[in-house]
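Inspection log for the structure reproduced underneath, given as structure tokens.
For the single chain, residues carry numbers from 1 onward in sequence order.
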Amino acid sequence: MSELIGDHLAGLRVWQRDTEPDRIEGTVACAWEEDGGPRSIQVTMVPTETSQDELGRIRAGQVYAGNYPPYEIIDTERLRAADAVGALVVDADSGDTPEEIASIRLITIHNPHTKIVVVGWKAAQIIEIGTRVAEKLQQTRPR
């Protein structure tokens with residue numbers, strides 16, 4: 001996975017790689033952190049079937065709804081080309097825009113066969129990382 005997001009890992013070191021015995025079967029998890037600092041990126045992929053109908057409901061804002069946590073649906077051309085859609089947790093109390101958030105944030109990206117969860121410290125960064133992983137999964141999916 002690091003080859004996909006290497007430009008986001010400068011100065012970070014790997015601290016976890018799918019080594020926990022109680023992990024969900026098929027989960028791939030990698031995490032990187034800065035020595036002595038709070039910055040970290042965690043990427044987890046879990047095999048999860050999501051129908052086209054459910055992807056449409058996510059895009060329409062019908063799945064990630066409610067008061068807490070607040071979500072913003074991320075539905076870019078790149079994600080659509082990868083047959084995916086994302087839901088970004090947005091802290092309405094922070095006063096930050098999704099592009100400028102500087103504390104830990106999370107995005108969940110769904111495609112028909114995988115749920116990708118990226119945790120990091122900037123929304124724009126985790127959206128990009130999740131998008132790259134979704135694109136790579138689309139490219140490697142058997143046709």
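Between L79 and I74, the closest side-chain pair of non-hydrogen atoms falls below 4.5 Å. Taking the side chain as every heavy atom from C-beta outward, R105 and Q125 never approach each other to under 4.5 Å. Looking at K115 and V117, their side chains come closer than 4.5 Å, going by heavy atoms from C-beta outward. For the pair T48/T114, no side-chain contact is recorded, criterion being any heavy-atom separation below 4.5 Å from C-beta on. H110 places a side-chain heavy atom less than 4.5 Å from the side chain of I58. Proximity of L137 to N111: side-chain heavy atoms (C-beta onward) are separated by under 4.5 Å at one or more points.
Remark: I109 CD1 to M45 CE distance equals 11.5 Å, nearest 0.5 Å. In this structure, the separation between CD on E77 and OG1 on T131 is 12.0 Å, given to the nearest 0.5 Å.
Surrounding CD of E49 are more than 12 heavy atoms belonging to other residues, nucleotides or ligands, all under 6.0 Å away.
For Q52, the side-chain hydrogen bond (donor to acceptor under 3.5 Å, both in side chains) partners two or more places apart in sequence, or in a different chain, are D83. When the side chain to side chain contact (heavy atoms under 4.5 Å, CB included) test is applied to R57, the partners found at least two apart in sequence or on another chain are D53, E54, Q62, V63. With sequence neighbours left out, Y71 forms a ring-ring contact (aromatic ring centres under 6.0 Å, His included) with Y64.
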### Query
Which is it for K136 and T140 under the side-chain contact (heavy atoms from CB on, under 4.5 Å) test, yes or no, and what are the steps along the way?
CA-CA 6 Å; K136 183 65 171 182; T140 59; 4.1 Å; yes
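R80 contributes no side-chain N or O that, together with a main-chain N or O of V85, makes up a donor-acceptor pair within less than 3.5 Å.
Between V118 and the choices I126, V133, I127, the side-chain contact (heavy atoms from CB on, under 4.5 Å) rule is met once, by I126.
Nearest heavy atoms, I73 versus A87: CD1-CB, 4.2 Å.
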